[in-house]
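Both backbone and side-chain heavy atoms feed into the values below; hydrogens, waters and symmetry mates do not.
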Amino acid sequence: MTYNSTLLRLLDERGHIYQQTDAEGLDALANRESVTAYIGFDCTGPCLHVGSLVQIMTLRRLQQTGHKPIVIMGGGTTKIGDPSDKTEARPMLDDATIEANKLSILRIFERFLTFGDGPTDAIMVDNADWLDKLMYIPFLRDVGRHFSINRMLTLEAVKQRLDREQSLSFLEFNYMILQAYDFVELNRRHGCRLQFGGSEQWSNIIAGIDVARRMDGAELFGVTSPLVTTADGAKMGKTVNGAVWLHEEFLPDYDYWQFWRNADDRDVGRFLRLFTELPLDEISQLEAPEGSEINRAKIVLANEATRLARGIEAAKAAEATASATFAGGGVGQDLPVFDLPADGITIVDALVGIGFAASRGEAKRLVSGGGARVDGAVVADEGYHIPGGSEARISSGKKKHGVLRPA
C-alpha cells in the first residue's frame, strides 16, 4: 500500500509495520490531523532491554512526524502480569517496587521523547490511576460482558499455556480485559485513537478497539510491529551473556556499543533502519559492501544506536575504547576492570571475577576450548596463574576484553 501520511510512510520505510486494523482509515486520519497514540509498558523490572527499542523508536517517529505519544506505565496491569509469550505467571510485586520500577523506566523514555504540555509533547500516564479505582461488580457489568470466554480461550497466549498444561490463573486471564479497558480510558481522557505494540499484543489491541466501539462508539486503530529476531534466529534483546539493558547502570556503555558493533552482517541494514535516524539513501550505501568493509557500517550502527540511548559522549568513548583495544592492541578506558590481588589470581577465577563466565565450571570450559587469553596469548591450562603487581589484559573469545588492574 502507498501511504499518504508522513507517519505511516516513515514507519513503513523503516520496517515498523507488521499488522494494521484499518490501514486506509488510519492513513487518512494521520494525514489530516495530529493523532494521539500510546504503547504500554509494564513495570516488572527497573529497566527495559533492546527488545523494547522497536516500540520506543515507534513513539519517537510518531512525535517527529507531528503526532502525540502517550507512554503508559502499567502500574495497575503489572499487579496482574501479561500472560502473552510467557510460560508461567510473573512474580507478584508490591506497590513500592512497582513505583520504583516505573520511575526508573521513565528515564529511558526521556532520552527518546520530548515530554511537556505542548500539543505533540509526550505524556506519561499510569493505568493504576483508573484500574486501582474500579469497582468489581460494575466493571464486570460494564466491560466484562463484552468479552467472550469462548474467544478468549482460542487466543494464542491462553491456548499455549493450556496446551502445555501450564497453570493460567484467573488473575492473568483478566489481563486482556484490563488492557482493553486502558484504550477506552485513554480515548476518553486524552482523545487517544491509536495503539502500537509488538505482534504478540495483536489480540489485546483488537480487544481494546472492539470494547471501545461497543461502549462508546469510538473508532480506534491498532498497529503492531514485527517480532525482531537476529539473523541466527535469536530473540532481539537477549544474548548468551544476558539481556542487553538500556540503562547504563545495568550494562556499561562499552558493552552496549559492542552489542551493535557485533551485529550479524545480514542484520546491519535492517537495524540501521529500525534503530537509527540515518537517511535511507545513506543506509543503502552502508549496507551494500560485503566482507570486511561491512565493519564500517557496523561502527556507524553502534555509534548511532548508542548516541540515542546513552548520549553522544558515551558513543565516542566506546568507539575510542574499541579502537584502542582492537586496532592498537591496547586497553581502552571503558573496558570492564577487575582488581588484581597482590599475589595474583588463577585464569579461572579471573574470568569469573570480571564477569566473562558465570561459574568456575563455565570458566574451565572456556579455557579448555581455547577461548581464554591473557595479553593476547591463549591460555589452555585452567590452573594458569596470573601474577599480581602489573596490569594485564584478559579476553574471552575475540569480542570480550577486560583489564586486570592491581588493587
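- A donor-acceptor distance shorter than 3.5 angstrom exists from the side chain of Glu362 to the backbone of Ala358, with no hydrogens or angles considered.
- Put simply, the residue from Leu286, Thr276, Asp267 that forms a side chain to side chain contact (heavy atoms under 4.5 Å, CB included) with Leu301 is Thr276.
- Remark: the backbone N or O of Asp95 is not paired with any side-chain donor or acceptor of Lys79 at under 3.5 angstrom.
- Using a distance-only test at 3.5 Å, with no hydrogens or angles considered, no donor-acceptor pair links the side chain of Ser104 to the main chain of Ala100.
- Taking CG of Leu280 as the start and CG of Leu10 as the end, the distance is 8.0 Å to the nearest 0.5 Å.
- Residue Val378 comes nearest to Gly370 through the heavy atom pair CG1-O, 4.0 Å, listed as atom of the first residue, atom of the second, then distance.
- Contact annotation: the side chain of Glu185 never approaches that of Val125 to less than 4.5 Å [non-hydrogen atoms, C-beta and beyond].
- For CE of Met1, the number of neighbouring non-hydrogen atoms (other residues, nucleotides, ligands) closer than 6.0 Å is greater than 12.
- The SG atom of Cys47 lies 9.0 Å from the CD atom of Glu248; values are rounded to the nearest 0.5 Å.
- The side chain to side chain donor-acceptor pair (under 3.5 Å) analysis of residues 299-312, with sequence neighbours excluded, yields the pairs Asp253-Arg310, Trp257-Asn303, Asn303-Glu319, Glu304-Arg307.
- For the pair Arg9 (side chain) and Asn4 (backbone), a donor-acceptor distance under 3.5 Å is present.
- Side-chain contact between His247 and Leu48 is absent, with no heavy-atom pair separated by less than 4.5 Å.
- With sequence neighbours excluded, the residues forming a side chain to side chain contact (heavy atoms under 4.5 Å, CB included) with Asn101 are Cys43, Pro46, Leu93, Thr97, listed by chain and number.
- Annotation for Ala350 and Ile345: closest pair N-CD1, 3.8 Å, computed over non-hydrogen atoms.
- The shortest distance between side-chain heavy atoms of Leu7 and Arg61 does not fall below 4.5 Å.
- Contact check for Ser368 versus Glu382: no side-chain heavy atoms found under the 4.5 Å cut-off.
- Remark: Tyr18 OH is loosely packed, at most 12 non-hydrogen atoms of other residues, nucleotides or ligands lying under 6.0 Å away.
- For Asp12 (side chain) and Leu8 (main-chain N/O), no donor-acceptor pair under 3.5 Å exists by modelled atom type.
- Counting heavy atoms from C-beta on, the side chains of Asn187 and Arg193 come closer than 4.5 Å.
- For the atom pair CZ of Phe112 and CG of Leu59, the computed distance is 11.0 Å after rounding to the nearest 0.5 Å.
- Each of Arg266, Arg273, Arg270 was evaluated against Glu287; a single residue qualifies, Arg273, per the salt bridge (Lys or Arg N to Asp or Glu O under 4.0 Å) test.
- Between the side chain of Thr21 and the backbone N or O of Gly222, at least one donor-acceptor pair lies under 3.5 Å.
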Without placing hydrogens or testing angles, list every side-chain donor-acceptor pair under 3.5 Å for residues 29-40, not counting sequence neighbours.
residue : atom : partner : partner atom : Å
Ser34   : OG   : Gly66   : O            : 3.0
Tyr38   : OH   : Gln195  : OE1          : 3.1
Tyr38   : OH   : Gln195  : NE2          : 3.2

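- Among pairs with a residue in residues 203-216, those fulfilling salt bridge (charged side-chain N to carboxylate O under 4.0 Å, His left out) read Arg188-Asp216, Asp210-Arg213, Asp210-Arg214, at least two apart in sequence or across chains.
- Between Thr230 and Asp232, the side chains place a donor N or O and an acceptor N or O closer than 3.5 Å (distance only, hydrogens not considered).
- For Ser395 and His401, the side-chain atoms include at least one donor-acceptor pair closer than 3.5 Å.
- With sequence neighbours left out, the ring-ring contact (aromatic ring centres under 6.0 Å, His included) criterion links Phe338 to no other residue.
- In this structure, the side chains of Phe183 and Val211 stay at 4.5 Å or more apart for every pair of heavy atoms.
- Under the 30°/60° scheme for interplanar angles, the aromatic rings of Trp260 and Phe275 are found to be tilted.
- There is a side-chain donor-acceptor pair under 3.5 Å between Ser225 and Gln55.
- Contact detail for Val348 and Lys364: the closest heavy-atom pair is CG2-CG, 3.9 Å.
- Although no hydrogens or angles enter the test, the distance criterion places a donor-acceptor pair under 3.5 Å between the side chain of Lys298 and the main chain of Ala263.
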Asp142 vs Met135, test: side chain to side chain contact (heavy atoms under 4.5 Å, CB included). Steps then yes/no.
CA-CA 11 Å; Asp142 294 341; Met135 293 183 289; over 6 Å; no

Trace of the side chain to side chain contact (heavy atoms under 4.5 Å, CB included) decision for Ile394 with Ile347
CA-CA 9 Å; Ile394 186 171; Ile347 182 65; 3.8 Å; yes

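- Not one N or O on the side chain of Gln201 forms a donor-acceptor pair closer than 3.5 Å with the backbone of Thr224.
- Rounded to the nearest 0.5 Å, atoms OG1 (Thr346) and CG (Leu351) are 8.5 Å apart.
- Side-chain contact between Leu11 and Tyr3 is absent, with no heavy atoms from C-beta onward closer than 4.5 Å.
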Apply side chain to side chain contact (heavy atoms under 4.5 Å, CB included) to Leu251 and Phe259, showing your working.
CA-CA 11 Å; Leu251 184 74; Phe259 167 76; 5.8 Å; no

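- Between Phe250 and Trp245, the two ring planes are tilted [angle within 30° to 60°].
- Across every non-hydrogen atom of Arg111 and Ala309, the tightest pair is NH1-O, 2.7 Å.
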Run the numbers on Met124 and Phe41 for side chain to side chain contact (heavy atoms under 4.5 Å, CB included), then give the verdict.
CA-CA 11 Å; Met124 189 278 285; Phe41 299 85; over 6 Å; no

Audit row: Glu99, Lys102, salt bridge (Lys or Arg N to Asp or Glu O under 4.0 Å) steps and yes/no
CA-CA 5 Å; Glu99 181 66 18; Lys102 179 179 74 174; 3.0 Å; yes

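- Annotation: the span from Leu134 atom CG to Tyr181 atom OH amounts to 5.5 Å, rounded to 0.5 Å.
- Looking at every heavy atom in both residues, Lys68 comes nearest to Gly118 through NZ-O, 3.2 Å.
- Rounding to the nearest 0.5 angstrom, the gap separating the CD1 atom in Ile123 from the CD1 atom in Ile70 is 4.0 Å.
- Ion pairing between a basic and an acidic side chain is recognised when a charged N comes within 4.0 Å of a carboxylate O; Glu200 and Lys235 show no such pairing.
- Considering only heavy atoms from C-beta on, Leu220 stays 4.5 Å or farther from Val184 through its side chain.
- The two residues Pro289 and Ile294 come nearest to each other via the heavy atoms O-CD1, 3.5 Å.
- For Asp182, the side chain to side chain donor-acceptor pair (under 3.5 Å) criterion is met by Asn127, Trp130, not counting sequence neighbours.
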